[in-house]
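Each remark here refers to the structure printed beneath this line.
We name chains A, B, ... by the order of the sequence lines, and we start the count at 1 in each one.
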Amino acid sequence: MSNKYTLNVNSTINSGQSFLWEKRDNSWYGIYEESILKITEYETNGEKIYEYDSFPKIENWHQHVFRLDDKYELIMNEISRKDMIVDSVTKKYPGLRIMRQKPIQCIISFLCSSNNNIPRIRLILRNLSKKFGKKVEWDGNVFYTFPSLRTLYTTSVPDLLLCGLGYRAEFVIKTVKEIVKQETDMVKLAEMNYDNAKQEILKLSGVGDKIADCILLFSLNKLEAFPIDTWIIKFFQKKWKQILDEDMIIKEKITPNQYRVLSKKIREHYGRYSGYAQQYLYYSIREEYGRKW
DNA sequence: CGCCAGGGATCTT
DNA sequence: AAGATCCATGGC
């Protein structure tokens with residue numbers, strides 16, 4: 001990295017977008033479907049340098065996974081101009097990135113996220129990998145890859161209950177069947193526009209507005225997707241009531257209709273890179289209110 | 001014990 | 001069409 005502020009691996013990995021990362025011996029290891037990714041951080045003369053490796057070897061995987069092809073400075077400038085809060089958090093946490101995940105792993109991950117907390121999401125996904133992934137020994141460590149769609153297709157609800165999915169087990173089974181049956185082309189979804197891709201992804205069992213936006217943002221290149229979760233709602237209620245209509249009374253949870261109204265307003269406000277604004281807001285909220293992971 | 005966690009499906013009005 | 005309720009599970 002020529003500029004240390006263009007990527008901060010620690011904040012990016014710890015921003016609740018990708019769950020199967022683990023730090024061992026000063027290196028981060030991440031499960032990227034069938035592959036293991038490795039990042040080692042060095043500090044020379046007070047400057048951070050990252051070294052990237054993987055098994056099997058993938059040339060320059062970090063360019064793709066950390067979206068280093070995005071015009072980061074332009075994006076930061078564009079979303080910072082929209083309001084003071086985003087302006088301040090982009091400068092407070094420089095280098096926070098959106099990651100580009102594998103769609104299937106991303107879909108399963110966020111199916112497990114509903115009404116759940118991050119430590120438990122991670123635990124469930126680790127359990128799934130250990131039970132149904134392939135064992136890989138590399139770099140003096142043991143890893144389990146993320147189960148393939150075909151392997152998940154052969155599992156059952158009781159299998160998944162053993163991994164701790166709870167009532168989400170049925171969603172995963174149904175969604176996997178739907179994807180296999182329709183042979184939903186993830187490449188095609190990535191090429192569709194936001195609205196059309198969202199309409200398709202919403203058909204999957206267990207995928208509502210919020211999870212759909214996470215899948216679109218984190219694995220299908222839809223940078224205008226702005227996932228609205230409980231933390232973001234708390235933030236709006238506390239610090240930015242203007243964006244909520246006077247007549248929009250939000251109780252504990254947001255209704256699908258309210259989600260769509262709010263989502264549209266937010267995307268009109270932040271524009272084509274709303275997803276980056278969301279990730280910064282989410283991260284700063286969690287830092288401020290205290291994360292539990 | 002109750003409440004909450006990067007919600008969504010289903011039933012009820 | 002909009003609310004209310006239920007859904008497993010574990011940490012606090």
(message) Among A/Arg267, A/Arg260, A/Lys265, which residue satisfies the side chain to side chain donor-acceptor pair (under 3.5 Å) criterion with A/Ser263?
(response)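 Checked A/Arg267, A/Arg260, A/Lys265 against A/Ser263; only one passes side chain to side chain donor-acceptor pair (under 3.5 Å): A/Arg267.
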Figure out the [atom1]/[atom2] separation between [X] and [N], and round it to whole Å.
| X | N | atom1 | atom2 | answer |
| --- | --- | --- | --- | --- |
| A/Lys198 | B/dG8 | NZ | P | 9 Å |
| A/Leu125 | C/dT9 | CG | P | 16 Å |
| A/Ile124 | B/dG7 | CD1 | P | 12 Å |
| A/Phe19 | B/dA5 | CZ | P | 15 Å |
| A/Leu111 | C/dT9 | CG | P | 17 Å |
| A/Ile215 | B/dG7 | CD1 | P | 13 Å |
| A/Lys234 | B/dG7 | NZ | C1' | 14 Å |
| A/Ile233 | B/dG7 | CD1 | P | 9 Å |

With sugar-phosphate meaning primed atoms plus P, OP1 and OP2, does [X] contact a base, only sugar-phosphate, or nothing at under 4.0 Å between heavy atoms?
| X | value |
| --- | --- |
| A/Gln279 | base |
| A/Phe218 | base |
| A/Phe110 | nothing |

What N/O pairs connect the protein and nucleotides 5-8 of chain C at under 3.5 Å? Give each pair on its own line.
from  : atom 1 : to       : atom 2 : distance (Å)
C/dA8 : O4'    : A/Tyr167 : N      : 3.1
C/dA8 : N6     : A/Asn115 : ND2    : 3.1

Please determine if [X] and [Y] form a salt bridge, counting it only when a charged side-chain N lies under 4.0 Å from a carboxylate O.
| X | Y | answer |
| --- | --- | --- |
| A/Glu178 | A/Lys203 | no |
| A/Lys131 | A/Asp159 | no |
| A/Arg286 | A/Glu288 | no |
| A/Lys264 | A/Glu268 | yes |
| A/Lys38 | A/Asp139 | yes |
| A/Glu78 | A/Arg272 | yes |

(message) Heavy atoms from C-beta onward define the side chain here; which of B/dC4, B/dA9, C/dG3 lies closest to that of A/Phe171?
(response)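 Closest nucleotide to the A/Phe171 side chain: B/dA9.
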(message) Please give the distance between the P atoms of C/dA8 and B/dT10 as a whole number of Å.
(response) 13 Å
(message) When the P atoms of B/dG2 and C/dC6 are compared, how many Å lie between them, rounded to an integer?
(response) 14 Å
(request) With DNA chain B as reference, determine whether A/Thr230 or A/Lys174 sits nearer its 5' end, using the nearest nucleotide of each. (result) A/Thr230
(message) Expected output is a numbered-order residue list: members of residues 205-213 of chain A with a heavy atom under 4.0 Å from any atom of DNA chain B. What is it?
(response) A/Gly206, A/Val207, A/Gly208, A/Asp209, A/Lys210, A/Ile211
(request) Could you tell me which non-hydrogen atom of A/Trp138 sits nearest to which non-hydrogen atom of A/Phe143, and how far apart they are? (result) O-CE1, 3.5 Å
(request) Measure across A/Asp213 and A/Ala225 and return the closest heavy-atom pair with its distance rounded to 0.1 Å. (result) O-CB, 3.6 Å
(request) Taking salt bridge (Lys or Arg N to Asp or Glu O under 4.0 Å) as the test, write out the residues that go with A/Lys57, two or more places apart. (result)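 Testing A/Lys57 for salt bridge (Lys or Arg N to Asp or Glu O under 4.0 Å), a comparison that skips the adjacent residues, returns A/Asp53.
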